[in-house]
Amino acid sequence: MQYFLVKSEPFKYSWDQFNKDKRTFWDGVRNYQARNNLKEMKEGDLVLFYHSNEGKDVVGIAKVVKEFYQDPTTEDKNWVVVDLEPVQSLKKPVTLATIKADERLKDVSLVKQGRLSVMQLKAEEFDRIVELGS
DNA sequence: GCCAACGTTGGC
DNA sequence: GCCAACGTTGGC
């Protein structure tokens, strides 16, 4: 089991919208490092959903329901998507400020590499964020 | 709205 | 293959 965090700008694709849709394919990744992380995802892996720009907080948990496949929105073979389903919302969204302030979350890529849109988390980091959000 | 960080592109 | 220029992302 692996853990990830994905970012989305709420006005492009929000957690609310995701919950209405019940399922989505995660498209729009155009960065090789993020793409490589997408390819690491296996069915059943858990994914934190982060709102960038607006909110700047982790709002919920999703899970991978289909491993990577060719991005249907482009012909370019370089890019892939995965299918995600919402699992649950966090009771309290965990803000970036909270994550930055937490000793145990100092090393998460969200803090260290702000621009990366798909990143892997350690199990401890995932658990800690979920704990902070409940 | 500005600017820093960083990835990508293209000239040499 | 290096590096400067440029574009994009995202926090503030």
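We name chains A, B, ... by the order of the sequence lines, and we start the count at 1 in each one.
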Residues which pass side-chain hydrogen bond (donor to acceptor under 3.5 Å, both in side chains) with A/Lys122, listed by chain and number, not counting sequence neighbours:
A/Glu125
Holding to side-chain contact (heavy atoms from CB on, under 4.5 Å), I want the full list of residues that pass it with A/Lys66, two or more places apart in sequence or in another chain.
A/Arg23, A/Tyr69, A/Asp83
Which is the 5'-most and which the 3'-most nucleotide of DNA chain B that has an atom under 4.0 Å from a heavy atom of chain A?
B/dA5 to B/dT8
Name the atoms and distances for all side-chain donor-acceptor pairs under 3.5 Å in residues 40-52 of chain A, with sequence neighbours left out.
from	atom 1	to	atom 2	distance (Å)
A/Asp45	OD1	A/Gln2	N	3.0
A/Asp45	OD2	A/Gln2	NE2	3.3
A/Asp45	OD2	A/Lys42	N	2.9
A/His51	NE2	A/Trp15	N	3.0

Please, what dot-bracket string fits DNA chain B when only Watson-Crick and G-U pairs with both distances under 3.5 Å count, crossing ones use [ ] and pairs to another strand use |?
||||||||||||
Could you pull out all residues at least two apart from A/Glu75 that satisfy side-chain contact (heavy atoms from CB on, under 4.5 Å)?
none
Run the side-chain donor-acceptor check on residues 28-35 of chain A: report pairs under 3.5 Å with partners two or more places apart or on a different chain.
from	atom 1	to	atom 2	distance (Å)
A/Arg30	NH1	A/Asp71	OD2	3.1
A/Arg30	NH2	A/Asp71	OD2	3.4
A/Asn31	OD1	A/Gln33	N	3.0
A/Asn31	OD1	A/Ala34	N	2.9
A/Gln33	OE1	A/Gln113	NE2	3.0
A/Arg35	NH1	A/Asn78	O	2.8

Partner set under side-chain contact (heavy atoms from CB on, under 4.5 Å) for A/Asp127, not counting sequence neighbours:
none
Residue-level proximity of residues 111-119 of chain A to DNA chain C when a heavy atom falls under 4.0 Å:
A/Gly114, A/Arg115
Between atom CG of A/Asn53 and atom NZ of A/Lys7, what is the distance when rounded to the nearest 0.5 Å?
9.0 Å
List for me each residue that meets side-chain hydrogen bond (donor to acceptor under 3.5 Å, both in side chains) alongside A/Asp21, sequence neighbours excluded, and say none if there are none.
A/Tyr13, A/Gln17
Pairs under 3.5 angstrom only: tabulate donor-acceptor contacts from the side chains of residues 90-101 of chain A to other protein residues two or more places apart or in another chain.
from	atom 1	to	atom 2	distance (Å)
A/Thr95	OG1	A/Thr98	N	3.1
A/Thr95	OG1	A/Thr98	OG1	2.7

Quick one: ring pair (Phe, Tyr, Trp, His ring centres under 6.0 Å) pairs with a partner in residues 109-134 of chain A, sequence neighbours left out?
A/Tyr3-A/Phe126
